[in-house]
Amino acid sequence: MTATVSRPEGAQEALPLDVEAIRADFPILSRTVRGGKRLVYLDSGATAQKPRQVLDAERAFYEQHNAAVHRGAHQLAEEATDRYEEARRTVARFLGTDDEREVVFTRSTTEGINLVAYALSNAGTAKEAAFRRYAVGQGDEIVVTEMEHHANLVPWQQLCERTGATLRWLGLTDDGRLDLSDLGTVVNERTRLVAVTQQSNLLGTINPMGPIVARAREVGALVLVDGAQSVPHQRADVAAMGADFLVFSGHKMLGPSGIGVLWGRYEVLDALPPFLTGGSMIEVVRMEGSTFAAPPQRFEAGVPMAAQAVGLAAAVDYLERLGMREVEAHEKALTAYALERLSAVPGVAVIGPPDTVARGGAVSFTVEGIHPHDVGQVLDDLGIAVRVGHHCAWPVVRRYGVPATTRATFYVHNGYDDVDALVEGVRHAQKFFGVG
Amino acid sequence: MQLESMYQEIILDHYRNPHGRGLREPFDAEVHHVNPTCGDEVTLRVRLDGGSIADVSYEGMGCSISQASVSAMHDLVVGRTVTEALATGEDFMTLMQSKGDPAVADKLEDSLEDAVAFAGVSKYPARVKCALMSWMALKDASARALSAAHPTTPTGGNDS
Ligand SMILES: Cc1ncc(COP(=O)(O)O)c(C=O)c1O
């Protein structure tokens with residue numbers, strides 16, 4: 001490992017992960033961009049690149065075992081079903097539960113959240129009394145935060161519009177944290193569900209689940225945690241977290257696109273009516289009406305995405321081989337270094353917590369005098385991939401009075417050299433536009 | 001280095017010293033357009049004098065490309081008839097779809113004047129929307145201004 005990758009001068013510590021060995025696992029990192037430049041991929045928060053192990057697992061499934069899961073009487077159907085269910089067990093273990101019935105495969109975080117939101121409004125009109133337990137209606141309240149990705153905001157706004165419930169939210173402090181000072185009033189006896197992100201995709205803030213879950217329990221509200229930006233980067237433990245739902249996407253954790261997970265406490269899942277209906281999720285179908293399977297099948301209508309589930313399990317195996325504690329420590333070291341180097345550049349302001357306390361590796365910043373799109377364009381010209389814009393969290397940029405930000409996000413294949421490239425790129429943008 | 005092909009000096013000049021910026025009275029129509037992928041915004045007013053555009057005034061926030069584009073557009077359309085301005089807008093759209101083909105830029109140079117400098121932007125699909133936002137706003141605002149002047153004429157203006 002070369003010095004600049006693992007530990008340049010000024011960096012606090014050597015990186016826990018062997019970056020060069022990891023890079024060799026990611027075929028895309030060996031291509032060049034924009035006329036022969038090394039790809040510096042700092043956009044894993046949008047979607048992560050895939051190691052060969054994940055690609056191989058998907059290919060092997062298609063080449064050896066492909067069939068429609070849970071259907072068919074032939075050997076391939078058995079093998080495909082086995083692999084799909086094995087993937088479910090792998091994910092359950094990764095989340096710290098041994099009850100794989102609590103793992104529902106979805107298409108994405110977005111679909112998982114919509115599944116819960118529609119189940120709660122369907123509960124209001126369900127003909128089966130058992131499905132009405134969590135019904136949301138007039139006079140009820142749903143609580144979100146001002147920090148949410150649109151995926152964990154718009155479905156709740158829509159749920160409220162469908163049911164007549166009221167949406168309330170927790171605000172943010174100036175240093176990019178949740179303002180919990182009015183938690184006791186915002187979450188109250190009328191609250192049916194609290195939906196909160198574990199880690200902000202824009203600010204990088206890691207939210208304290210303890211007090212939120214505790215308050216929700218006091219008033220009997222459900223808690224849904226958006227784990228899209230946390231599950232890929234830190235050890236998940238659904239038992240310790242104490243929430244009712246945890247949702248995340250495979251594509252942000254080295255897995256394929258088109259596969260996500262809704263983890264739900266079995267007792268809660270079992271009391272919810274379905275969202276999508278059709279094949280595979282039924283118990284008995286007659287022309288007059290149908291009854292539904294138990295979870296997780298109740299929430300997996302249609303032929304499931306088996307190869308993607310197998311790919312996700314391979315991604316979990318890959319991350320577990322690296323060790324989630326090491327992954328977290330690795331990103332923390334990179335984040336500390338990035339925060340330190342970026343804030344030393346005149347005109348650069350980090351939006352979000354200024355240090356690594358309760359903070360993950362999404363680093364958003366503005367560059368005085370240069371719009372983020374233009375920063376992103378200059379970085380792109382140097383082979384550096386970042387995201388610019390409002391990052392699907394429009395209320396957050398509005399809260400901090402900026403139209404948009406430039407965002408770098410880190411993952412297992414990033415080294416200190418990537419941070420150096422970013423900082424030099426920002427300086428280059430300043431020179432190009434004649435500011436700073 | 002590809003950057004210079006996008007950020008032509010003329011573009012950077014318009015960005016640093018925008019022409020016609022600010023919202024002015026009187027006006028016949030005002031529209032507000034946003035680019036939902038990045039949050040860029042423009043508020044644009046049109047004042048007509050008969051069939052001609054007497055003034056285009058605007059405020060907005062956005063990247064250098066969107067801000068330079070509205071400034072260059074101001075220069076191109078003020079004093080022209082609405083029909084001419086919209087035809088120029090079509091030419092600009094053609095330029096934005098040219099994927100950097102120099103033949104297209106050559107052909108449109110007379111029509112687009114300074115705005116032909118945006119040819120380099122057409123190589124970057126993500127930025128084409130930035131350059132087009134002001135032209136979309138102009139099309140919308142002129143349609144509204146015309147229909148306000150002739151209330152029976154149907155227009156293609158949409159709410160935004
Ligand atoms: C915090 C957060 N929630 C939800 C999502 C939505 O994820 P997906 O687009 O995979 O459904 C994202 C990612 O874009 C995110 O960062």
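Note on naming: letters A, B, ... go to the chains in the order of the sequence lines (proteins, then strands), and numbering restarts at 1 for each one.
- Contacts between A:R34 and chain B at a heavy-atom distance below 4.5 Å involve the side chain alone, from C-beta outward.
- Within 6.0 Å of the CH2 atom in A:W394, the count of heavy atoms belonging to other residues, nucleotides or ligands exceeds 12.
- Residue pairs meeting the salt bridge (charged side-chain N to carboxylate O under 4.0 Å, His left out) criterion with at least one partner in residues 58-72 of chain B, sequence neighbours excluded, are B:R21-B:E59.
- Screening residues 110-126 of chain B for salt bridge (charged side-chain N to carboxylate O under 4.0 Å, His left out) gives B:R80-B:E113 as the qualifying pairs, with residues at least two apart or on separate chains.
- Looking at A:V375, there are no atoms closer than 4.5 Å to chain B (heavy atoms on both sides), in backbone or side chain.
- Judged by the 6.0 Å distance and 45° axis criteria, B:R127 is not positioned over the aromatic ring of B:F118.
- Contact of B:T37 with chain A is made through the backbone alone, with heavy-atom distances under 4.5 Å.
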